[in-house]
Amino acid sequence: MEYKYRKLLFEIAYLLTLLVVYSFILYPVFKSPYLPGRGGDAYGHLFKIWELMNDGYVKWTRYWHGGDPFLTFYSPLSYFVGALIGKIVNSDVLGYKLTILIGMLIGAYSMRFLLRELRFKGISIYLSSLLYPLSIWILYYVVGLCGAITRFFANMLLPLGMLGVIYLVKYKDIKKVLLSSIFLSALFLSHLMIFIIFAFSIVILFPYLYISYIRNLSLKNFAKNILVFSASFISLTAFWTIPFLLQMKYYNTFYFYKEPPTFQFHSVYIENLFDISNKYYVGILFILGLLGYILFLLRKDIKTDLKIFSINSLLIIFFFVFLALGYYNPIRELYYLPIIANIHPERWIDGANFYSLIGFALLISSIEEIKVQKNVKALLIIAILLIILADFSLKYPISVEDEKYFDSMIKEYTNILNCIDNLEGSRLYQPSVELAIGSATAYYPAIIKNIPILRGWYWQGDINLLSRSKLYHIIYRDILSTYPNVSEFHYNLLSNYLLHFSVNYIILDKYNWMLPYSVFSNVIEKIGFRKICESPRFALFYRDNNTFIIIENTSTKILFIGSENAIKDILIRSTFLGENLSNCLETKNCTIINNLDSLTYNEIKNYKIIFLYSYHYTNSSVWKILERFIREGGIVFVDTFLSSDMENSILGVNSTVIKVKGKLDLPSDMYDMEKFSEFEDNGNYWVSTTYSGDLIPLIKYENYTVLGYKEIGNGRIYFIGLSLFYHSIVKNNQYEQSILRNLIAQHLKSNFKYWISQLTNEKITVIISTDSAATISISENDYPYWGAKLNGKEIPIRKNEFAGTIELEISKGTWILELEYRYPWKVLDLFSLFSFLFIITIVLDLRNRIWKYSTC
C-alpha cells in the first residue's frame, strides 16, 4: 500500500479514536436535556447562541439586562460556532454541546501539531494530544462546574496559539505567517482574558523563542513577518476589536481586589489544587506534567534550547499558580495592576494546565527513550494511564447527580413563566432566583415568553450597572435591613426604580435565605404588586401598569403672566403647586413673564397651565392668542383684580369689582364654605372682583360667581374671584389653599397615552399622544448609538440620571417616536470577512488550485 494511503487510513483511525473516546466521555451531556455547568455561566452563554440563531449578529439586544450592546464585551468566536452548528441541527442546546465536542477535536489535533513542531516523536504526541481535552481542570471545572464554553473553546485553541507564535518567529514563508495570524486571531476572538494570559506566558517563554527561532531570522525577515502578521491580525479581528476598544469607556469594569468575598471565592488556596474533594483540584495529569519537566531537566543528553524551554515552561506554571492564589497571595499589590486586576485569579490555572500537558508529553518521551525492553516501557505507560483513569473516574468531569432536582426546578420555573401575559415593553425582575437555578434565569424568559429580564446572570460589563446597583442596595441595605420600619421614602424609591425599568413582573424564590420571601413579598405588595401565580418554590407578582414610557416631570411648563413682584409675593409662601415657588423656578418647571403685549402663540404653546395675575396689556388681541391656547387643550387661571380686565368682558365673562366685609354666604355644592375665613382687610372692606355671564360656577356670592370655569375647545379657563389666592395667604387658610391646589393638581396630570407599534432589538416605534409638553423616560438603557426621530425629525437624546435610561423632550400633540440603534462600524464586519477569505485564499493557494483544476 502506498505511503499516502497508509497515512490517510491512519488519520481516519486517529479521528475515529478521538470521536469514540470523547463521545463516550460526553455521553451524559448529550443524554441530558440540560447543559453541564448548570450553577455557572452555561445558560448565559446559551442565551447568546440562541440570540445569534434567532436574530443574527445584532449589535444590541433588549433581552440582556433590559438592553445591552450584544457581544461587544464578549469574545464572539465560540458563540458563532455554536450558533452555526445550532442552525444546522436546529437546536441551540445541541449546538452548545456539539461545540464542546468540536472544541475537543480541535484541542487534540492542535496539540498534536504543536508537539510535532516542538520535535516530539512517537506515542508521546498522540497520547498527550488525546488527553489534553480530558484534563480534569478543563472538563470538571471549566465545563462541568462553570459551563464556560468560551473559556473552554479558548483553552482548546491554546496549542494553535503557540503554533502561531512559532510560525511567526521561525518561518520566512508568507503563508506560515498568515496562518500564524489566523491561529492567534482565533484565540483572541475566543476569549480575551485567556489570550492575555497566553501573552504573559509568551513573554516568559521569550528566551526559548529567541534561541530557537528569532536569532536565526534576519532582521529584515523578522520585521517583514511582524508587519504582515500585524496587518493580517488587525484585519481579521477589526470587526470586534475596534468597537470593543472604542466602547471600553462605557464598560463597568469589575476589580476583584475591591470585593473581598468575590475575590476570595475566585482565588485558589494552594492545597486546593491537590485536594480531590475541592472544586479547584487540577488532577494527576497536571502533577505528572510537572514531573515530566523535572525528569527531562535531569537528563544529560538534552539540547540547550529544549532545556531552556523546560525551564521557561516551569516558570510559567509556577508564576501562574502564584497569581491564581489571589486572596491568599502574600503580595496583594499584584492585583492592583492593570489587566491583572480584571482577571479571575483561578483563570491563571488555565495557562498552567496547558503547559503541564506539554510536560506530560516530555514524561512519555523520556520513558520512550529509557534503554530498557519495550514491554517494560509499555507497562510503565499503561500504569501511568491507569493512574490517570483512576483519578478521572474519582472526579468524573461532568456531574449529573442533580439531574432530577434540576429537572423539577426547571419545570416549576417554566410553569411560573407561562403565567406571564406577555405585554409589549414589560420586563421581568428576579432579585433572588439566580441562587436557585443559576444562569438558566438568563435564558428561559427569553425563549419561553420573549420577555427581557432586568437582572441577568452575569453583570460584569453591564453598561447600566450603577443604576441597577442602586436598586439592589435599596432592597438589601435600605429595606431588608430596616424591615418592618421601612421609611415611605424607600418604598417610593423602590417603586420608582421598578417603574423606570418597566418591571411589571417579579419572581421570588421562597427558599432564598438572602431575600426572605415573607418579608419581600410584603414589601412589593405594599407598592402595588399582587401575587398571580405560585408553585412550591416560586411566586410570580404583577403590577397593573405598563411603564415602558414614563412622564418624568408632570408639573412642567407652568407660566405666570403679570407683575413678578406681585406673583412672588402671593405664591412664594403658598402650597398651590404642591411645592414652594422658588423650587419650581429653580427646576425650571415655572416661568414668570410680565410683558403680555409681546405674547406669541409659539411662546406659550408648550405650557400646560397659564396663570394671569396683576397683569396689564394695551392690545386686546392677546386674548385671541390665549383663546387659541385654551382651544388646543391649555388651562388658564385668571384673577382680574388689579389688572387691565378688572371691569372688562373676557371670552363672554364679565368682571365686576365689588366690596364685601365679614363672614360671607358663599353657596357651593362642592366645598365646605364654613371653613372660609372672613373677608376684611385690617377691619376695612375687602375689595376685589367677581364674575358673571357664560361660565359654570363652583362658588357663588349673590348673583356673582366667586370661583368658576368655562370650557373652550379642548381646554378650560378658571376665573378666580374675591382674590382667593391672596386671601388664603394673608388669612393662612389651608382649606382655601387646598381648594386651589387641587384644581391645579388635576390639570398637572397630563393626558398622556402611548402605543408600542414596533419593539425589536435595534428599533422601537411608539405612537404618543399628549396634551402638554413632557419630559419622558424610555425603559431602554441609554447608549451613545441610539438616535431618535419625532414625526421624522431628529431630536436629541439625553440620559435619565435616575435610572440610566433614554430621556427625551416632546411637545404636546400626537407623535410617532422612532428610536433606532445606529451601529457606526457595520462596515468592519464585511472588512474582516473579506480579509479572512483573502488570507485563506493565499494560505491554501486556492487561486492556483482552482486554475489548475479548471484547465484539466
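Computation of the quantities below employed the complete heavy-atom set of this structure, encompassing side-chain atoms and omitting hydrogens, waters and symmetry-equivalent molecules. All residue numbers in this chain count up from 1 along the given sequence.
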Looking only at atom types and distance, does a side-chain atom of [X] sit under 3.5 Å from a main-chain N or O of [Y], one as donor and one as acceptor?
X: Tyr22; Y: Leu130; result: yes
X: Asn329; Y: Leu325; result: no
X: Ser366; Y: Leu362; result: yes
X: Ser365; Y: Ala361; result: no
X: Ser110; Y: Gly107; result: yes
X: Arg116; Y: Lys121; result: no
X: Glu368; Y: Ile123; result: yes
X: Ser439; Y: Ala442; result: no
X: Lys395; Y: Gly283; result: no
X: Ser212; Y: Leu209; result: no

Measuring from [X]:[atom1] to [Y]:[atom2], what's the distance to the nearest 0.5 Å?
X: Leu131; Y: Leu357; atom1: CG; atom2: CG; result: 7.5 Å
X: Asn155; Y: Arg347; atom1: CG; atom2: CZ; result: 10.5 Å
X: Leu314; Y: Leu297; atom1: CG; atom2: CG; result: 6.0 Å
X: Ser267; Y: Asn272; atom1: OG; atom2: CG; result: 10.5 Å
X: Gln430; Y: Phe538; atom1: CD; atom2: CZ; result: 9.0 Å
X: Ser277; Y: Leu394; atom1: OG; atom2: CG; result: 11.5 Å

Over 60° means perpendicular and under 30° means parallel, so classify the ring planes of [Y] and [X], tilted if in between.
X: Phe188; Y: Phe195; value: perpendicular
X: Tyr444; Y: Tyr413; value: perpendicular
X: Tyr43; Y: Tyr443; value: tilted
X: Tyr79; Y: Tyr74; value: perpendicular

What residues, two or more places apart in sequence or in another chain, satisfy side chain to side chain donor-acceptor pair (under 3.5 Å) together with Ser393?
-> none

Go through the steps for Phe153 and His191 under the test ring pair (Phe, Tyr, Trp, His ring centres under 6.0 Å), then give the verdict.
-> CA-CA 8 Å; Phe153 202 78; His191 201 289; over 10 Å; no

With a 4.5 Å limit on heavy-atom distance, are the side chains of [X] and [Y] in contact?
X: Lys97; Y: Leu26; answer: no
X: Leu98; Y: Ile88; answer: no
X: Val282; Y: Asn353; answer: no
X: Ile343; Y: Leu323; answer: no
X: Asp92; Y: Leu46; answer: yes
X: Ile276; Y: Asp391; answer: yes
X: Val321; Y: Ile270; answer: yes
X: Leu139; Y: Phe392; answer: yes

Leu306 and Leu118: side chain to side chain contact (heavy atoms under 4.5 Å, CB included), yes or no, with the steps?
-> CA-CA 9 Å; Leu306 290 178; Leu118 291 172; 5.8 Å; no

Could you tell me whether Phe265 atom CZ has more than 12 heavy atoms of other residues or ligands within 6.0 Å of it?
-> no

Would you say Tyr27 has more than 12 foreign heavy atoms packed within less than 6.0 Å of its OH?
-> no

Which side-chain hydrogen bond (donor to acceptor under 3.5 Å, both in side chains) pairs, counting each pair once, include a residue from residues 302-311, with sequence neighbours left out?
->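 Listed once each, the pairs are Arg119-Asp305.
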
Nearest heavy atoms of [X] and [Y], plus distance in Å:
X: Leu205; Y: Ser313; answer: CD1-OG, 4.2 Å
X: Leu508; Y: Val433; answer: C-CG2, 4.4 Å
X: Ser75; Y: Thr150; answer: O-CG2, 4.4 Å
X: Gly326; Y: Tyr335; answer: N-OH, 3.0 Å

Worked verdict on Phe70 versus Leu52 for side chain to side chain contact (heavy atoms under 4.5 Å, CB included) | CA-CA 10 Å; Phe70 183 57; Leu52 282 168; 3.8 Å; yes

Would Tyr132 and Arg112 satisfy side chain to side chain contact (heavy atoms under 4.5 Å, CB included), going step by step from the backbone distance to the final call?
-> CA-CA 10 Å; Tyr132 176 56; Arg112 175 186 162 191; over 6 Å; no

Taking only residues at least two apart or on different chains, which pairs with a member in residues 83-116 satisfy ring-ring contact (aromatic ring centres under 6.0 Å, His included)?
->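 Residue pairs passing ring-ring contact (aromatic ring centres under 6.0 Å, His included), neighbours aside: Tyr14-Tyr109.
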
Any ring-ring contact (aromatic ring centres under 6.0 Å, His included) involving residues 271-307? Give me the pairs, sequence neighbours left out, ordered by first then second residue.
-> Tyr141-Tyr280

Step by step, would you call Phe263 with Lys258 a side chain to side chain contact (heavy atoms under 4.5 Å, CB included)?
-> CA-CA 8 Å; Phe263 189 32; Lys258 292 184 178 180; over 6 Å; no

Salt bridge flag under 4.0 Å for residues Glu412 and Lys510 =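 Answer for the salt bridge query: no.
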
Electrostatic pair Asp407:Lys411 at N-O distance under 4.0 angstrom =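 The answer is yes: the pair qualifies as a salt bridge.
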
Tyr476: what forms a ring-ring contact (aromatic ring centres under 6.0 Å, His included) with it, not counting sequence neighbours?
->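 So Tyr476 forms a ring-ring contact (aromatic ring centres under 6.0 Å, His included) with Tyr472.
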
With Phe200, the ring pair (Phe, Tyr, Trp, His ring centres under 6.0 Å) member among Phe322, Phe320, Phe206, Trp348 |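 When Phe322, Phe320, Phe206, Trp348 are each tested with Phe200, the ring pair (Phe, Tyr, Trp, His ring centres under 6.0 Å) holds only for Trp348.
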
Could you tell me whether the side chains of [X] and [Y] share a donor-acceptor contact shorter than 3.5 Å?
X: Tyr511; Y: Tyr517; result: no
X: Tyr269; Y: Asn278; result: no
X: Tyr355; Y: Ser201; result: yes

Taking only residues two or more places apart in sequence or in another chain, which ones pass salt bridge (Lys or Arg N to Asp or Glu O under 4.0 Å) with Lys279?
-> none

